[in-house]
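All remarks here apply to the structure that follows.
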Amino acid sequence: MTHTSSFDQKYREGSSNGHHRSRRDGRRAGPQSRPFIQRHPSVMIFIACLALFTLTVSVLSEGFGVGLISTSFVKTLGKTLCLCLVALAMDVVWGYCGILSLGHMAFFGIGGYAIGMWLMYARTELIVIQSLAAAPLPPTAQEISQGIATQIFGVVGASEFPPIWAFAHSLPLQLAAVVLVPGLIALAFGWLAFRARVTGVYLSILTQAMTLALALYLFQNDSGLRGNNGLSGLQNLPGQGATPQSTISLWFLWASALALGLGYVFCAWMVSGKFGSVIRAIRDDEARVRFLGYSVEAYKLTVFTVTAIIAAIAGALYYPQAGIINPAEIAPIASIYLAVWVAIGGRGRLYGAVIGAAFVSLLSTWFTGGQAPDTNLGVYTIQWVNWWTVLLGLSFVVVTLLAPKGIGGLFDLIGKGRKP
Amino acid sequence: MKNPILGTTAAVLMASAMPALAQDCPIKVGVLHSLSGTMAISETTLKDTMEMLVEQQNEAGGVLGCQLEAVVVDPASDWPLFAEKARELLTVHEVDVIFGNWTSVSRKSVLPVIEELNGLLFYPVQYEGEESSKNVFYTGAAPNQQAIPATDYFLEELGVEKFALLGTDYVYPRTTNNILESYLKSKSIAAEDIFVNYTPFGHSDWSKIVADVVALGADGKKVGVISTINGDANVGFYKELAAAGISADDIPVVAFSVGEEELAGLDTSNLVGHLAAWNYFQSAESDANEAWVEAWKARMGEDRVTNDPMEAHYIGFNMWVNAATAAGTTDVDAVREAMYGQEFPNLTGGTAVMLPNHHLSKPVLIGEIQDDGQFDIISQTPEVPGDAWTDYLPESAVLKSDWQELGCGMYNTSTSTCVQIKSNY
Amino acid sequence: MSRLLIIFWCLICAVPVAAQDADAPIQQVMQAHAVELAKASRRTIQPAIDALIDSGLPAAQMVLERWQAKEMWQDEATGLFVFAEEIDRDTIRIFDVSGPDIGEVPDEGYKQLKPNSGVRGLIAAALVKFQLTSDSPAIRRVALDAIARDPKESHLPALRDAIAVEPSPNLAAQMERLERLLTIPFGATEEDQIDAIAYFEGDLGVDVRAALNPLVSTTIKVAKAPPEDPAVIRVLKPGTDALPKPDAYALLVADDLAPPLIPDTAVRETLIANIEDGKVAGVQVATLSTVQARNAAFATLVAEGRANPAATEQEIDDRLDAYQFFELYTGAPAVALAAQSVLSGIETKVALNQTADLALDAISLASIYFLAAIGLAITFGVMGVINMAHGEFIMLGAYTGYVVQLFIPDHTLSILLAIPLAFMVTFAAGVAMERLVIRWLYHRPLETLLATFGVSIALQQLAKNIFGTQARPLTAPGWLDGSMVINDIVAISYIRIAILILALIFLAVFLIVMNRTRLGLEVRAVTQNPRMAASMGINPDRINMLTFGFGSGIAGIAGVAIGLYAKVTSEMGADYIVQSFMTVVVGGVGNIWGTLLGAAMVGTLQKGIEWLNPSNTLAAQTYMILFIILFIQFRPRGIIALKGRAAEA
């Protein structure tokens, strides 16, 4: 990407105008002179909005007794928060660092699988121990493990634990896997790709191929993760059989909100300061940054890996709410939709990603769920269930062409309007 | 509804004529079939079937003095969305019964929700078994109602000695092929005479696999193919078969997932004589079937075909209506009790009976593909009772499902204990 | 209404039905086997067929033929058999089995007999006798097929008689081969058999191997010492791959030479059987939750004489050592040895031919990938434009073919028309997309990628809305049916050959357009330096538009080809897009030969992995993609890397 047209230049200036805060930071002598939060009032505003939202939903939910918001909608909102978190990660890696990764939904899925394995194992273990308790002899460890394996893999025609399940019995180990597995994959993949200087669209295609390979791998029964069936029943937390889903959905809503809040603060911290300046510079002109003596590869690798981990954490919170994870969730199209959310929300600004993810995914749910009324045009009745995807695809083209700043760009207009 | 005014008037008349019952009117029937996404093609047909059945029932006076109302939602072929929509149906719309799902994975997604909220689901598609839920009635075929009889047909009628089990790589073919492998071994077919292959969804490059199958004939044994290939991939598979000039007399292929709908995408003139096994074919000869096909074509168009899952919904819906009438309420537990032993004439001329393991007893039909895309039924067994847990895998041979007497869907007969009350998902 | 009709029909048919001749000799024979005929099963029908043949009645052949063709019905009331033709859904025209027309009757009361294909095979085998000497070569060929499918000893003399009088040399050669083939299992003497075996030296036919392989089947036996028998091939040692120890021990048990082993579950069962007051052998039941504790308790039981001890490894070995295991031919050893020698000669040839077949498959797959990727090689390779909607252009082309076939039923004509039409449709779509979307984004490749994704999503859904999600038929013309058979192993379908030729044509077209035409020159100029080209009077906008249209148009034609060999669905483009990009990137962007090499590599790799793991095609795809990812890491610019200024584009 050595060509830089005047159009492009203009666009980039436009986008960095939206970051006058960070520009000011750049000019300031000591960036550490004021506390982080003070320098970034938008973080405070975001956290406040998030807290207010969570509180409102909690109070109105069935779990609290008011019941204005149904449990299934609480779950939808909780899942949306997780999608916002992965969109944040996407924004950092794409909007700030210029790497259009079409693999972050794969990391999201891996996080879901990692936690799903423990959830399935632990839930099944309780069932098996309970059923074996009635046997004349107390069960041996092997018998319990065998019983769990039969239960979990019986539906896919196997009865033994594949090696990949070696740590599934332990929550801490699987939680570690949520972070480590995607982290290591991202590290290895990123190291290979960045070292070979694969950039731009090549890298996008390569990440897409990685996603496809992972999805195909998981689709195989032989991969040991139940193939196309995936892991199911994840909404039933082990040992919480008596707790109603209305309560569990709230727990996850809170956890997701907390993760999103922390993730937002972390991302804001990451993209501010010197690190943020360098990765933005890499986005704008990688070669120049390299000539200035920065190790471009190390920066890119860090961003890629850290955002992969954030995506995985989001996934680990998302799938227990969704209840099931299977390879279709990891299919390349999911990662493309992620990019769509961020683009529509407005990349290069964190709140843009959050708005995009929340707006588009909720709208998607609304349209595909059949809630949108059919529009009668006289000659033809538009059934939104069928036409929503067309609309989404086209609106995406329009946003890319006409409004590269996305919904977030509206805030600039408001800001401009207020300032003289 | 074709004539809404007439329908409403009828409903009003009906309501005023009937004595007041404790039942809340209207009775809501949830329809949980994908109307968009990859499964839409198969499932939309079932949604239309349900709407037709509900309409017919309303014209016949509804149930318990109430009109029925179909609540249709679209889970969009998205498995997690199935769980979400099921919850919505049960808690927001408060439906009395759900008819829905096609793929196993979507069923597994819905199971925890249905069991948590004590809903009632009728599942109309042939499936791999190894599951029994208190809240689900399986009106499609279990492996012993489709795969095993078809294999018997191969062994006995066609004299097949060597088997190629070709399937799409997902749970139904995997489990079915596992069961079949074990079954064939029990019929003294050696392990090296069973060739297994799994392909991805929508696979199109079949030349090597077809060549492999042909090469199986090199040791002088008659080769037969048992296909659990799903959906679009069949198009390429049958095209390659036809191109390789494999006639049904040389290497017969019996398919478990190819019905009238799937053949519509194919030129069947080269496939004449290959087989499919189902519990229903459109070509079945009975008065009920003639009326059914006629009603369907009148509603949906002359070129539309009927298929096996539609019959399953037909039986399931009518049994539910009769059970609710017998129980005098649509309460899930009461209806479930009333379901056991329900009998209803199926469209192929016999009688389907609901068993305590939530499966039907149905006849197994084997049909030969004809050049008009229909099947010529050449073999029809007496009614076979569906078996939730197969007898041909050691782990599940000891298991038994009996919700009526034992109150357990996963009862271990060797230790005489109930393994779990919930289903395994 | 329908009941009235039936009554009406019954009335007018009452007289003709009575004309059915119940005493005709052929009807008598059939009535004697009425039960078997009505419920025909391959296992029980042979006596009935034999009775018909042995009756010597001239009508027997006709009965068998009509029955085979599912044209025989049974009167449910009288049990008499008739021939019938279906007039419409409810009416049939019936004929007496001895010939005369009876008339039209409603089909109520008649049951169609539908012999299944197993029974039809037996009928065909029985009919051979009549057909081999038929006047029509087509019927004689049917007879030969029936023999080949289901060879019987009785066919051999009939076949030998027929060879002598066969006028057609072609058929005579086939008969000759078949006669030799049948002599292998059914020859009168071992010498005859061995002669026949020698005839097939080096023959690659599956039927030959099918005839020979049963002759060399072996079995494993056990004795104190191997007998002096020429059938004995070798002595086996237990514990080797050919004879694992458990199998060897099972042989001993089967021959009552050793007691059966006590299974592992016996420990548990014995313990349960000996539970007394919550204790087993003095040990609290509650403590028996480990294998060691259970074994210890079991040992106590054994010591107390309340359980049988399991055999130790040593005991098993001792018993195995006391006997010798040997493998021997099940059939006659002389014949087996002759068959073995011919077979081993064939095997090497078979392996070579299988490799050739695999190579053909790989070439065919490569040509399909190449065809799918060639449009991309233009838009991405030459122009540097990422078009994620490329797959949807392929789909668009395929649907164009489908629509053309809806209007033009003649398949040859429709395909000939569909190809240019598909080009035009996708050319127009490509130009429209270039004008509306891509030209605004030439210097923002990432955005091009996303915007074209938007187009791709929209087009896919649009196709679903218009054509539905079900696969649509796109049928190849009759002359592309079937395959070119080189021998029983190497074969390739004509449709794949057509695709291969099409791919080569496009390679040529691409090379000519790029290297020999004004357009090609201008394209190369614009690609290398748009400003310089513009100052030389070339209109870069126009060139970009045309190039993009050209690339898209080729995708459309590829769509027709892919639709012909596989399927037409709204998702077919998505199946090819990643592979197509891989092909272009692996080969090296900007070079058509690179794309060709890339396609060859991807195709060969996929088939190679499939060959290594024939039971899991999905795994082959997974590993192929992984391999390509790795390959690109180490050769980011592909197999043929452009150098110099073009590489910067």
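In what follows, every chain begins at residue 1, and chains take the letters A, B, ... in the order their sequences are listed.
Put simply, of C:V437, C:L271, C:L450, the one with the most heavy-atom pairs under 4.5 Å next to chain A is C:L450.
Scanning residues 453-465 of chain C against chain A with a 4.5 Å non-hydrogen threshold yields C:F453, C:G454, C:V455, C:I457, C:A458, C:Q461, C:L462, C:N465, sorted by number.
Distance check: C:I577 CD1 to A:I205 CD1 gives 8.5 Å after rounding to the nearest 0.5 Å. The structure places CG of A:L206 at 11.0 Å from CD1 of C:I625, a figure rounded to the nearest 0.5 Å. In this structure, CD in A:E143 is found 10.5 Å from OG1 in C:T290, a value given to the nearest 0.5 Å.
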Exercise answer: donor-acceptor pairs, residues 579-589 of chain C side-chain atoms, under 3.5 Å, sequence neighbours excluded:
residue	atom	partner	partner atom	Å
C:S580	OG	C:Y576	O	2.7
C:T583	OG1	C:Q579	O	2.7

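Interface remark: A:Q208 contributes side-chain atoms only to the contact with chain C (heavy atom separation under 4.5 Å). Contact of A:Y202 with chain C is made through the side chain alone, with heavy-atom distances under 4.5 Å. If you measure heavy-atom distances from A:A209 to chain C, the contacts under 4.5 Å come from both the backbone and the side chain. Contacts of C:V578 with chain A are made by side-chain atoms alone, with heavy-atom separations under 4.5 Å and no backbone atom involved. Using a 4.5 Å cut-off between heavy atoms, C:L441 contacts chain A through its side chain alone, with no backbone atom that close. Neither the backbone nor the side chain of A:R197 comes within contact range of chain C; no heavy atom of the residue lies under 4.5 Å from a heavy atom of that chain. For C:A286, the part lying near chain A is the backbone, with the side chain staying farther off; criterion is any non-hydrogen pair under 4.5 Å. For A:F194, no part sits under 4.5 Å from any heavy atom of chain C, backbone or side chain. In this structure, no portion of A:W388 lies under 4.5 Å from any heavy atom of chain C. No part of A:L392 comes within reach of chain C, as not one of its non-hydrogen atoms sits under 4.5 angstrom from that chain. Of the two parts of A:I336, only the side chain, counted from C-beta on, holds a non-hydrogen atom closer than 4.5 Å to a non-hydrogen atom of chain C. A:V198 touches chain C through its side chain: at least one heavy atom from C-beta onward sits under 4.5 Å away, while N, CA, C and O do not. Of the atoms belonging to C:L288, heavy atoms from both backbone and side chain fall under 4.5 Å from chain A. When heavy atoms are compared at a cutoff of 4.5 Å, C:Y442 does not approach chain A at all. Looking at C:R294, only its side chain comes within 4.5 Å of chain A, counting heavy atoms on both sides.
Between A:L137 and C:I275 the shortest side-chain heavy-atom distance falls below 4.5 Å.
Between C:A451 and A:V397, the shortest heavy-atom contact is O-CG2, 3.3 Å. For the residue pair C:R444 and A:T400, the shortest heavy atom distance occurs at NH1-O, 4.2 Å. C:L446 and A:S204 get closest at one heavy-atom pair: CD2-OG, 3.6 Å. Contact record, A:Q220 with C:T622: NE2-OG1, 2.9 Å, taken as the closest heavy-atom pair.
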Apply side-chain contact (heavy atoms from CB on, under 4.5 Å) to the pair A:V201 and C:T448, showing each step before the final yes or no. CA-CA 9 Å; A:V201 288; C:T448 321; over 6 Å; no
